[in-house]
Amino acid sequence: MLSRRIIPCLDVRGGRVVKGVRFRDHVDMGDIVDLALRYRDAGADELVFYDIGASPQGRSVDYGWVERVSSLLDIPFCVAGGIRDVATARAVLHAGADKISVNTPALERPALVSELADAFGVQCVVVGIDSLREPDGEWRVRSHTGDPDRTRALPLRTLDWIIEAQRLGAGEVVLNCMDSDGVRRGYDTKQLAAARAVCGVPLVASGGAGTPQHFVEVFRDADVDGVLAASVFHSGAIAIMELKRHLRGQGIEVRDE
Amino acid sequence: MRVALVDAGGANLGSVRYALRRLGVEAQVSADANVIRAADRVILPGVSTAATVMRRLHELDLVETLRNLRQPLLGVCVGMQLLFEHSEEDDTPCLGLLPGRVSKLRSAPGVRIPHMGWNRLEPMRADALVDGIASGAQAYFVHSYAAPVGADCVLACEHGGRFAAVVQRGHVAGAQFHPERSGATGARLLGNFLGSGVA
């Protein structure tokens, strides 16, 4: 049986892992490779590196660190942030990343998703979506969320974008529910269940993890394939091994090691 | 030991090379038929599509080279699928080193395609290639197509239906999962292959 995946997300800037408070005031957390291996040993099933320095300024980045991670890590990892064309994606994948994730660039130019899928196969292409519930009750996407000053509300409904992204070639969708992000009151299972209903490819939940029970709820109530979390793991509030024991106790299949 | 990694353009080439380096082996990445023929072990990795990799093997004039190898050969992911006669993906004729046809995994309620993540391995028969890999060990898969469970299947896996996770026949072997990203289980499989778990 396929295991549900636990995926810590590490913010990377200038070749270091950083921690931001509400996207600002970044604090150095340490060397990328050291932290990647620490999370591997702690039981992470996969890692996401979000290059926060990249996208908002519209610059390309140095991917030497991707190769360093790839050479030492024996679990899969995905690189997000700053990938807006096939050439950059190729550089990241050839440096050793298993998947690349696109968010704002895919909203600006949806054909990018098809180009990436054609070039590398859908299994490498993750579409990240930042979504917010609006006063009319609809979930709609936000772009440029890496920089609070540039974040834009788009008229695109989240569920419509999930359907379109799959049609274009997304092999996985990461849905970050901004209402619950950083609040630690649980994943937005209602929105994620609605997303699940229209998502035939793997769906990863993001935003809101605070307790082990929140993970149980999102797997049980929204049937997501994986969960992404940052602060609860970085702070040590939740240890991945203990989380997995809890999930296993609730009948949720997770990886043993 | 000379290990040749066939440069068929797959993006996981570097990852496989690093996984071998972690086992103390410096593999040579090559599209040169002479280098491949002279190697003690040959690995055919592959990320992308069966058609893309086969086209590249034809362009490089490596198809006959691979078909005529006598030393242990390991195909990884798409590289394993290419060992079979045919892939349903873009209706692609493959190397034909193993009997059978690769077909698309079937989605079903609760079964998402691509099959992505850690899944359990089920022993079908004993083989040196999988020595030390326990029944129920987990490995990392990312794929939408798979080979059937036939006489050559050493480890099977289940996602919607059952498919071949590891195959072996004579000097030819394949892993549908990514050993380079499957922790200790993956390292064990690669180590067994280098120690000549096949043939």
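Just so it is clear: chains get the letters A, B, ... in the order the sequence lines come, proteins before strands, and each one is counted from 1. Computed from a prediction, not measured in an experiment: that's the story for all the values here.
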Query raised in the report: Passes salt bridge (charged side-chain N to carboxylate O under 4.0 Å, His left out), Arg22(B) versus Asp74(A)? Steps please.
Result: CA-CA 10 Å; Arg22(B) 292 194 291 270; Asp74(A) 57 3; 5.2 Å; no
Name the region of [X], side chain, backbone, both or neither, that has any atom closer than 4.5 Å to a heavy atom of chain B.
{"X": "Asp118(A)", "value": "neither"}
{"X": "Glu253(A)", "value": "side chain"}
{"X": "Arg4(A)", "value": "side chain"}
{"X": "Leu72(A)", "value": "backbone"}

Report task. Considering only heavy atoms and a distance below 4.5 Å, find which of Gly96(A), Gly121(A), Pro76(A) pairs most often with chain B. Result ->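 Ranked by heavy-atom pairs under 4.5 Å with chain B, first place is Pro76(A).
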Report summary line: Checked Met116(B), Arg112(B), Glu158(B) vs chain A; the most non-hydrogen pairs under 4.5 Å come from Arg112(B)
Query - Interatomic distance, Ser3(A) atom OG to Phe141(B) atom CZ [nearest 0.5 angstrom] - result: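 Answer rounded to 0.5 Å: 11.0 Å.
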Query raised in the report: Which bit of Ser107(B) comes within less than 4.5 Å of chain A, counting heavy atoms only: side chain, backbone, both or neither?
Result: neither
Query raised in the report: Does any heavy atom of chain A fall under 4.5 Å from the side chain of His178(B), the backbone, both, or neither of them?
Result: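 Neither part.
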Requested in this report: Could you tell me which residues in residues 162-172 of chain A have at least one non-hydrogen atom under 4.5 Å from a non-hydrogen atom of chain B, sorted by residue number?
Outcome: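 The stretch touches chain B at Gly171(A), Glu172(A).
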Between [X] and [Y], what is the shortest heavy-atom contact and its length?
{"X": "Arg181(B)", "Y": "Asp98(A)", "result": "NE-OD2, 2.7 Å"}
{"X": "Val201(A)", "Y": "Ile113(B)", "result": "CG1-O, 3.5 Å"}
{"X": "Asn119(B)", "Y": "Leu2(A)", "result": "OD1-N, 3.4 Å"}

Report task. Take atom CE of Met1(B) as the centre, draw a 6.0 Å sphere, and report whether it contains more than 12 heavy atoms from other residues, nucleotides or ligands. Result ->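 Atom CE in Met1(B) is packed in, count exceeds 12.
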Requested in this report: Can you establish whether the number of heavy atoms outside Asn68(B) located under 6.0 Å from its atom CG is more than 12?
Outcome: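 Counting neighbours around CG of Asn68(B), more than 12 heavy atoms of other residues, nucleotides or ligands fall under 6.0 Å, so yes.
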Report task. Take Asp256(A) and Arg120(B) through the side chain to side chain contact (heavy atoms under 4.5 Å, CB included) test and state the conclusion after the steps. Result -> CA-CA 10 Å; Asp256(A) 304 330; Arg120(B) 292 191 187 276; 3.1 Å; yes
Between [X] (side chain only) and [Y] (backbone N and O only), is there a donor and an acceptor less than 3.5 Å apart?
{"X": "Trp118(B)", "Y": "Asp45(A)", "value": "yes"}
{"X": "Arg17(B)", "Y": "Ser71(A)", "value": "no"}
{"X": "Gln123(A)", "Y": "Pro114(B)", "value": "no"}

**Report entry** Side-chain touch Glu67(A)/Ser15(B), heavy atoms, less than 4.5 angstrom
**Finding:**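 No - every pair of side-chain heavy atoms lies 4.5 Å or more apart.
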